[in-house]
There are 2 protein chains.
Amino acid sequence: MRRSEIRDHLLETALRLFNQYGYHATGIDLIIAEAGVAKTTLYRHFDTKEDLILAALERRDEEARDTMREFVEQRTSDPVERLLVTFDFLETLFRDERFRGCIFVSAAGEHKDTADPVFRAAVLHKRLVLAYFEELAHAARFAEPKRIAAEINLLHEGAIAVAQMTRTAEPARQAKRMATQLLAAEGQAAAPSARREGASHRAQVS
Amino acid sequence: MRRSEIRDHLLETALRLFNQYGYHATGIDLIIAEAGVAKTTLYRHFDTKEDLILAALERRDEEARDTMREFVEQRTSDPVERLLVTFDFLETLFRDERFRGCIFVSAAGEHKDTADPVFRAAVLHKRLVLAYFEELAHAARFAEPKRIAAEINLLHEGAIAVAQMTRTAEPARQAKRMATQLLAAEGQAAAPSARREGASHRAQVS
DNA sequence: GCTAAACGATACAGATCGGTTTATTTCTGT
DNA sequence: ACAGAAATAAACCGATCTGTATCGTTTAGC
């Protein structure tokens, strides 16, 4: 196993355990045992446990956003539909039996100080996801793309929080229905099966 | 300090620390130091740390639901408006500088096993809150009260999750606007300032 | 094939964890 | 006032925590 592979393997192992048990409950000894690596090796790649957490979050951040982008873009090119398809992506996450909630929400929940680097890393991820929604809402030519993106984002967070407790995929579908309803009220043509397609300059409502 | 007062004081202290630092990060030694109590005393009232956590969650569960009920009922008697006023209640929570997210979500995030008593206690709280929304949605005579309640609930969870990260009160107002929009589309008279009041048998939409 | 870096294994450090024990003092109810 | 219960402080337990140090062995690049 090459050096970079070990690092990757450690990050993947750590992420799996953080997701399964949480950050404080996952000890270094468990991580190295599961990764099949000596403690010296871990500490050669990461100075502290916090560094490992931060690196793991950074990796998952990129991976999660890339995966969502890919999922969305290969399903539809209409920006409004893309906003809705993000909920289908959520549903695939919820259907994974390893799903235990959003690791960034959990990270923020275990490191509540806003000055904590882990908290800040979690916030950064959420900001980048929101930026993606804004990108889509802008492309969809909504009158207030930032507001629309924030609404989609809030529905995402709600679905994730509910699914964390119920451990079902239903919250994703429910959030999608709510998003459909809200977007339809915004642009009159948000619903996929709506009248004409490709409408520009959707009207605002409030 | 009487016996029951000590127990209460311990629960309040523990809740404050759990909210501030999380469950794993809050040690027994810190709790007794902050409570100004000997370790023996704590262990006379609670067998284990888990018992303390469970008792604390149970207490906050009742307190939180009572407080919300009170807040809502003294502001309006219209069931539809009551559903919307729950978001004003959320806003008061977010405005508290000690707000660090929902302690039940955090509890579930640190005890992810669905068989864990702490996880189950968190789920129970969320179920009882949902039951309250169902009660209100039923009183409002929506065609599908359970669905409406689940939607309100999802908006609540979304607002809480977003506010946990942003540490602002805005998510509560945003969720309220979304709820207003959704309820208006359900019954045609959901908006407080809508045409006639006291309408019964609101129509369904989908 | 040599050198140097990176690896694994293990022991260890010092702190902290949840929880127990002991011995002493302070309440509280009758 | 007196007995019993419950409070206190402090030492202590074994386990676990993050992180370091030691020391061979393996591996990779020149």
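We name chains A, B, ... by the order of the sequence lines, and we start the count at 1 in each one.
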Query raised in the report: To the nearest angstrom, how far is B/Tyr43 atom OH from C/dC17 atom P?
Result: 11 Å
Query raised in the report: With distance as the sole criterion, do the side chain of A/Lys39 and the base of C/dG8 form a donor-acceptor contact below 3.5 Å?
Result: no
Query - Interatomic distance, A/Asp29 CG vs C/dA11 C1' [rounded to whole Å] - result: 13 Å
Query raised in the report: Could you give the CD1-to-C1' distance, from B/Ile32 to C/dC17, as a whole number of Å?
Result: 12 Å
Requested in this report: Return the value, rounded to whole Å, for the distance between atom CZ of B/Phe46 and atom C1' of C/dG18.
Outcome: 15 Å
Report summary line: Atom CD of A/Glu5 and atom P of C/dA6 are separated, to the nearest Å, by 15 Å
Query raised in the report: B/Arg44 side chain: which of D/dA7, D/dG19, C/dG8 is closest?
Result: D/dA7
Query raised in the report: So does A/Thr40 reach the base of C/dA9 with its side chain, donor to acceptor, closer than 3.5 Å?
Result: yes
Requested in this report: Please state whether the rings of A/Phe104 and A/His125 are parallel, tilted or perpendicular, taking 30° and 60° as the class boundaries.
Outcome: parallel
Requested in this report: Take the protein atom CG of A/Leu52 and the nucleotide atom P of D/dC17, then report the distance between them rounded to whole Å.
Outcome: 15 Å
Requested in this report: Mind calculating the distance between OH (B/Tyr23) and P (C/dC17) to the nearest angstrom?
Outcome: 18 Å
Query raised in the report: Does a nitrogen or oxygen in the side chain of A/His24 sit under 4.0 Å from OP1 or OP2 of D/dC17?
Result: no
**Report entry** Cationic tip of A/Arg95 above A/Phe99 ring, under 6.0 Å, 45° of axis
**Finding:** no
Query - Minimum-distance nucleotide to B/His45 side chain [options: C/dG8, D/dA7, D/dG19] - result: D/dA7
Requested in this report: State, yes or no, whether a side-chain contact exists between A/Arg69 and A/Tyr132 at a heavy-atom distance under 4.5 Å.
Outcome: yes
Query raised in the report: What about the rings of B/His24 and A/Tyr23, do their centers lie closer together than 6.0 Å?
Result: no
Query raised in the report: A/Leu30 or A/Asp47: which one's nearest nucleotide on DNA chain D is closer to the 5' end?
Result: A/Leu30
Query raised in the report: To the nearest Å, how far apart are B/Ile53 CD1 and C/dC17 C1'?
Result: 13 Å
Query raised in the report: Is any side-chain heavy atom of A/Val72 closer than 4.5 Å to a side-chain heavy atom of A/Asp88?
Result: no
